[in-house]
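Notes for the one structure printed next.
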Amino acid sequence: MHKSSRKIVAEVQVHSGLKYPHRLSLYDQPPTEDITIEEFETCAIDRLRVLSEIESCYARNRPFDELKEITHSQSEKHIPLDHNSATTKDRDGQRRKDNTGHFVLRLAFCRSEDLRRRFVKAETTLFRVRYMNTTISERREFHKSGDFDWTLVEVEERKKYASELKLVPDASPEDQYLKVRWTRVPDLVEKRRVLLKDGWAYVPSRELSSIVFQEFQTRLERALAMTAKALPWMDEDTRLEPILANLSQGFIAGVGSEWGANESTGEEIRAEMVDELAHKHFPMCMRNLQENLKRNHKLKHFGRLQYGLFLKALGLSIDEAMVFWRKSFTGYNDDEFNKKYKYNIRHLYGLEGRRANYPAKSCQQILMNDQPGAEDSHGCPYRHFSADNLQTALLSMYSPQGLTEADLPEIMGTVKAEAFHVACTRVFEITHTTQNVAKGDGIGSGETVTHPNQYAAASRALERASGDGDTVMR
Amino acid sequence: MPSAETEPPTPELMLVFYRRLYPFKSIFKWLNHEHTPGRLFTHREIAFTLQNDVYLRYNSFTTADEFKKQTCTLNPTRFEIGPVYTARPRDRKTIRPGAFTPAQRELVFDVDMTDYDSIRTCCSGADICKRCWGFIGAAVRVLDTAVRQQFGYRHLLWVYSGRRGIHLWVSDREAMGLTDDQRRALVDFLTVVQGGKDMNKKVNVRPVVKGQGRAGDLPPSIQQAVDQLADPFGDLILQEQDCFRGEAGWKELLQLIPDSKIVERLEQKWTRSEDRSSYDKWTDLKEEIKALYKTSQARQPMKQAMQDIILQFTYPRLDAEVSKHRNHLLKAPFCVHPKTGRICVPIDPEKIDEFDPDLVPTVGQLLRELDAVASEPSGEEHSDWEKTSLKPYVDMLEKYALGLMSEVRKDRLANDMTW
Ligand SMILES: [Zn+2]
């Protein structure tokens with residue numbers, strides 16, 4: 001694809017005996033030789049399988065150890081890369097396939113901001129897992145080749161900041177430090193795992209991999225932006241276009257779908273039904289918002305957003321939503337309400353602003369984005385309540401449906417392990433025992449809660465299956 | 001005459017204000033970093049809020065004069081400043097989608113008194129007084145130090161938000177270019193008070209000591225903040241606000257104490273002597289710690305809890321969303337707050353404690369001052385602000401902008417030399 005890089009590749013070949021001297025790659029050399037359409041497609045599809053698995057790991061909120069395991073086995077299966085010492089294997093062939101697949105997918109995924117972001121995330125994860133599975137000497141060689149531009153902090157400087165370096169988490173007196181601009185290690189800065197001085201991050205050498213991962217990500221982001229600019233020129237090749245379009249579709253379909261209004265059961269919900277539905281079918285985050293709304297007759301912005309979109313996806317029409325919110329905000333006269341909130345509610349329904357059809361927020365979004373401030377009541381109770389308040393709230397909300405004090409230790413244990421969605425799933429199981437839901441069943445075939453609307457939908461489906469809805473309330 | 005009275009401005013007042021007083025030229029220099037209009041100005045989004053609450057986004061201008069002319073024509077109640085885009089915002093419809101994205105933006109922060117409602121005892125909601133301004137003062141000191149010393153930025157402009165908060169605009173070149181990910185990392189680094197209103201302990205920033213499972217020392221940046229906040233905590237929380245005098249207050253305090261024996265003793269003592277001041281109660285706590293043996297296992301957690309309490313009550317509470325995204329819009333300096341009529345004036349962080357929100361000029365007051373100096377026509381309209389109490393504030397922005405411009409010039413020179 002790029003002719004200029006041929007010469008460099010040739011030099012490398014002389015040096016190591018292999019055309020691709022390292023298993024790991026920052027993908028700065030596009031494939032130079034002729035590629036058949038078939039090869040073009042296979043390399044890409046095999047890589048795509050691995051990346052989709054990575055994406056669904058994220059979607060399912062799997063802990064990093066599981067994600068690492070899955071990524072490793074998937075990559076061994078579809079795009080293996082052997083150590084330089086594996087002389088019986090076609091190492092150059094493996095690496096060529098790895099490289100080709102990566103560059104084809106760049107073409108497929110540079111087209112939109114969203115695809116670029118997801119591609120970068122999955123590729124960076126793949127790189128990270130592979131990096132962790134290399135030997136120390138391989139890493140050392142790779143670092144030398146990568147032009148990473150870091151400086152070792154001299155003893156004098158280390159002494160000067162000794163008292164503060166000592167406070168960096170997990171610090172030990174033997175640590176060596178590398179100095180880089182803080183912008184190159186945002187993840188370490190975010191977690192306060194470095195000392196910051198005048199914009200420089202003092203990174204303990206054991207965190208060096210963070211710099212490498214960040215560099216991988218930054219370079220890939222930059223490269224994708226460049227590819228996106230050059231793309232109109234690529235579109236002329238009509239044989240590739242359908243393949244590329246197809247590839248990017250596959251990525252989208254591979255992930256859990258969003259829960260928009262169209263996924264609801266089609267049943268219309270009326271404003272006056274909300275409170276009863278909340279008692280019977282809502283997960284705790286939404287119960288909490290409903291209770292807060294009833295108690296305070298108002299909700300702050302992110303609370304309205306989280307709850308409003310949930311109700312929309314549940315089947316509350318814009319007209320009913322207007323009735324619901326109007327009735328709930330008793331402290332305001334019509335004029336104030338219309339002025340302050342009407343636009344807001346219409347906006348949720350895509351009738352104002354950029355008229356987007358906003359999907360309801362998933363658990364992951366509720367857990368990770370828009371952290372509740374000191375006065376807020378949105379978020380996930382399992383994560384954002386303190387232990388006391390969570391237990392009190394669990395009992396007061398769910399004891400009518402069979403949750404007892406004896407259930408609390410187990411739930412709190414899961415919360416402590418930060419498996420919030422698992423805690424929520426367990427509460428679902430407990431509160432649906434009368435409908436023959438047992439421990440481990442989840443919200444159906446063992447699935448865990450990943451979306452509040454999925455929780456509510458599963459609960460309502462159980463009620464419909466067990467016959468008359470009204471008899472369930474005791 | 002400075003006045004504590006607030007006066008919502010009329011459209012007529014606003015128009016005169018834009019025509020004769022608003023410092024468009026200084027704002028231009030501040031945004032543009034040099035005299036000749038560059039992308040920093042021409043590709044910059046300005047969003048107007050009109051008198052009828054219509055919100056006009058994606059305006060952009062080629063010169064300061066054009067900016068002023070359009071502002072006078074629209075006569076908005078206020079306007080906001082957005083990012084510098086890859087193309088002129090006003091041309092965005094003619095540009096290929098994807099080619100119009102935010103490229104640069106000042107790093108901004110917003111601290112608002114409403115986030116302190118659960119701890120301040122003097123006012124609530126939209127109200128603010130000199131006493132609760134102490135929270136803002138503490139926030140400014142900590143943030144100003146952190147942004148300068150830890151992140152190494154030099155060009156910080158603090159601006160009163162017109163009612164009950166403060167904004168910070170950082171214009172260093174690196175800060176302007178930060179991606180959203182980098183902004184998020186920076187804000188998370190600076191965020192210490194977290195958890196919703198149902199979370200009692202809102203400060204959980206201590207790393208776990210490896211292999212021991214106990215909470216360790218504060219990270220260096222936060223230790224520095226605690227050192228800075230010890231005095232403000234005494235003045236503000238213990239004296240001015242007297243947060244722990246009432247029962248609700250001291251019960252909240254005890255919930256943050258890890259040692260159940262101490263909690264029990266103090267609960268009894270404080271229930272008996274109802275009117276013990278916050279200062280006395282804090283002293284009681286300190287005495288309890290002193291009474292513990294130096295080697296006692298219970299001592300370290302108690303000392304940590306005291307530090308965490310100082311943080312929970314005085315560490316800056318940031319509106320994180322404002323800072324995380326390049327395309328967040330923020331009200332421009334020198335706008336008029338539509339409810340109070342006060343001008344969003346720059347503030348010198350060194351003199352933050354002397355600042356009194358009640359003494360900030362209102363638009364009505366400024367126009368009366370103008371009338372008072374008679375109608376001698378000045379050579380140029382722009383300089384009318386010189387005749388009013390707006391002058392020191394415009395001078396401050398002007399001086400700030402000149403500092404920024406001279407650095408940009410120096411940078412450019414240095415770059416030229418390398419060729
Ligand atoms: Zn006050």
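First the proteins, then the strands, lettered A, B, ... as listed; each starts at 1.
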Could you tell me whether A:Arg181 and A:Asp198 have a side-chain N and a carboxylate O separated by less than 4.0 Å?
-> no

Residue B:Asp319 versus chain A: region with a heavy atom under 4.5 Å | neither

Could you tell me which portion of B:Gln223 (side chain, backbone, both or neither) has an atom closer than 4.5 angstrom to a non-hydrogen atom of chain A?
-> side chain

Begin from the C-alpha positions of A:Tyr161 and A:Tyr177 and carry the test ring-ring contact (aromatic ring centres under 6.0 Å, His included) through to its verdict.
-> CA-CA 11 Å; A:Tyr161 296 132; A:Tyr177 289 88; over 10 Å; no

Region of B:Gln150 that comes under 4.5 Å of a non-hydrogen atom in chain A | both

Region of B:Tyr153 in contact with chain A, defined by heavy-atom distances below 4.5 Å = side chain

Answer with side chain, backbone, both or neither: which region of B:Arg206 has an atom nearer than 4.5 Å to a non-hydrogen atom of chain A?
-> neither

Is the gap between the ring centers of A:Phe119 and A:Phe109 under 6.0 Å?
-> yes

Could you check B:Arg164, B:Arg163, B:Arg317 and say which one makes a salt bridge (Lys or Arg N to Asp or Glu O under 4.0 Å) with B:Asp112?
-> B:Arg164

Relative to chain A, which segment of B:Leu218 carries a heavy atom at a distance below 4.5 Å: side chain, backbone, both, or neither?
-> backbone

Heavy-atom distance under 4.5 Å to chain B: side chain of A:Asn389, backbone, both or neither?
-> side chain

For B:Pro220, is it the side chain, the backbone, both, or neither that has a heavy atom closer than 4.5 Å to a heavy atom of chain A?
-> both

